[in-house]
> 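One structure, pasted below without further comment.
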Amino acid sequence: MADLSVSIHKLQLKNPVTTASGTYGYGEEFVEFMDVNRLAAIFVKGITLEHREGNPYPRMAETASGMLNSVGLQNRGVDYFIQHIYPRVRNFDTHIIPNVNGSTIEDYVTVTRKLNEVKGIEAIELNISCPNVKAGGMAFGINRKSAMEATRAVRDVYDKTLIVKLSPNVTDIADMARAVVDAGADAISLVNTFLGMAINAETRRPILGTITGGLSGPAIKPIALRMVWDVFKAVKVPVIGMGGIMNAADAIEFILAGSTAIQVGTANFIDPAASVKILQGVKEYMARQGVSSVKELIGGMIVK
Ligand code: SIN
């Protein structure tokens with residue numbers, strides 16, 4: 001039996017396949033399509049301090065080899081998550097990892113404090129990279145100083161595994177990774193979506209209600225992969241890679257580029273069982289290549 005287990009700081013994962021925040025609800029929506037217990041972790045929909053209605057519609061648009069979204073962090077707030085949603089999903093045999101958002105640093109800290117008290121939640125993903133909100137989100141993650149401030153403030157109130165999710169909408173992703181690690185991140189996840197837009201030429205109007213949104217899917221994969229490689233070389237903490245992973249070969253590419261684990265995102269909209277098919281494909285790849293532990297593959301791209 002191949003060893004698929006990996007560690008992200010203190011978090012032990014049974015395999016490297018997880019699902020990306022905002023593409024997989026809270027996991028419970030997927031139980032009729034697949035065995036969610038096979039996943040290593042579910043990064044749940046972004047959580048804020050207060051209930052948010054999200055952005056005006058339309059919020060999604062299909063693009064060539066990808067999609068734009070401008071959801072705007074619609075969710076019912078951290079207290080509702082803790083009291084009503086988490087109890088429904090806590091018995092899945094997988095890690096439930098909240099994606100933490102805020103308009104201010106105080107918001108991030110308050111949400112984190114509350115989650116730190118929840119038994120069974122062993123990690124959070126600090127989202128300083130949402131491109132669809134007027135305050136907070138990506139505004140923190142594209143500036144070195146504010147990215148560090150947000151990370152440090154959350155680090156001060158959180159003693160479990162702190163994963164910081166980076167925006168690709170920066171000039172030097174390796175520098176941003178170094179900055180948040182210096183500020184206390186235990187792991188880095190990347191990439192969130194690229195800021196993009198689409199126009200209906202006939203109506204001459206923007207397709208998204210917010211005009212701009214975040215681009216994901218296979219269209220971004222080569223850039224995301226390069227950014228994972230850049231970050232892998234720049235920091236010593238584990239990297240969780242994502243960006244257009246549609247099949248097992250894509251997942252293996254991200255692992256070879258330096259990802260300890262991967263997140264499946266846009267693929268979930270096309271095939272709700274994509275993540276477990278990817279896991280199966282990773283196992284088959286390892287058998288075919290005679291790899292006994294997935295850890296041997298992390299950052300294993302042969303460059304000479
Ligand atoms: C959204 O809810 O707008 C997407 C979240 C994100 O991109 O981080």
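Ligands are counted one by one from 1 in listed order, and the atoms in each one are counted from 1 as well.
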> Anything under 3.5 Å between a donor and an acceptor, one on a side chain of residues 223-231, the other on a protein residue two or more places apart or in another chain? List them.
from	atom 1	to	atom 2	distance (Å)
R226	NH1	D230	OD2	2.8

> Compile the protein residues with any heavy atom at a distance under 4.0 Å from an atom of ligand 1; present them by chain, then by number.
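Lining ligand 1 at under 4.0 Å, by heavy atoms, one finds K45, N69, V71, G72, L73, N127, C130, P131, N132, N192.
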> Could I get the full list of salt bridge (Lys or Arg N to Asp or Glu O under 4.0 Å) partners for D3, not counting sequence neighbours?
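Counting only residues at least two positions away or on another chain, D3 forms a salt bridge (Lys or Arg N to Asp or Glu O under 4.0 Å) with K295.
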> For residues 170-183, which residue pairs qualify under side-chain hydrogen bond (donor to acceptor under 3.5 Å, both in side chains), counting only residues two or more places apart or in two chains?
R144-D175
> Assess the residue pair E117 and R113 against the criterion (salt bridge (charged side-chain N to carboxylate O under 4.0 Å, His left out)); give the C-alpha distance rounded to whole Å, side-chain angles, the decisive distance to 0.1 Å, and a yes or no.
CA-CA 7 Å; E117 299 304 314; R113 273 189 204 279; over 6 Å; no
> I'd like to know whether CD of E50 has more than 12 heavy-atom contacts from other residues, nucleotides or ligands below 6.0 angstrom.
no
> Once the angle between the rings of Y24 and F30 is folded into 0 to 90°, is it parallel (under 30°), tilted (30 to 60°) or perpendicular (over 60°)?
parallel
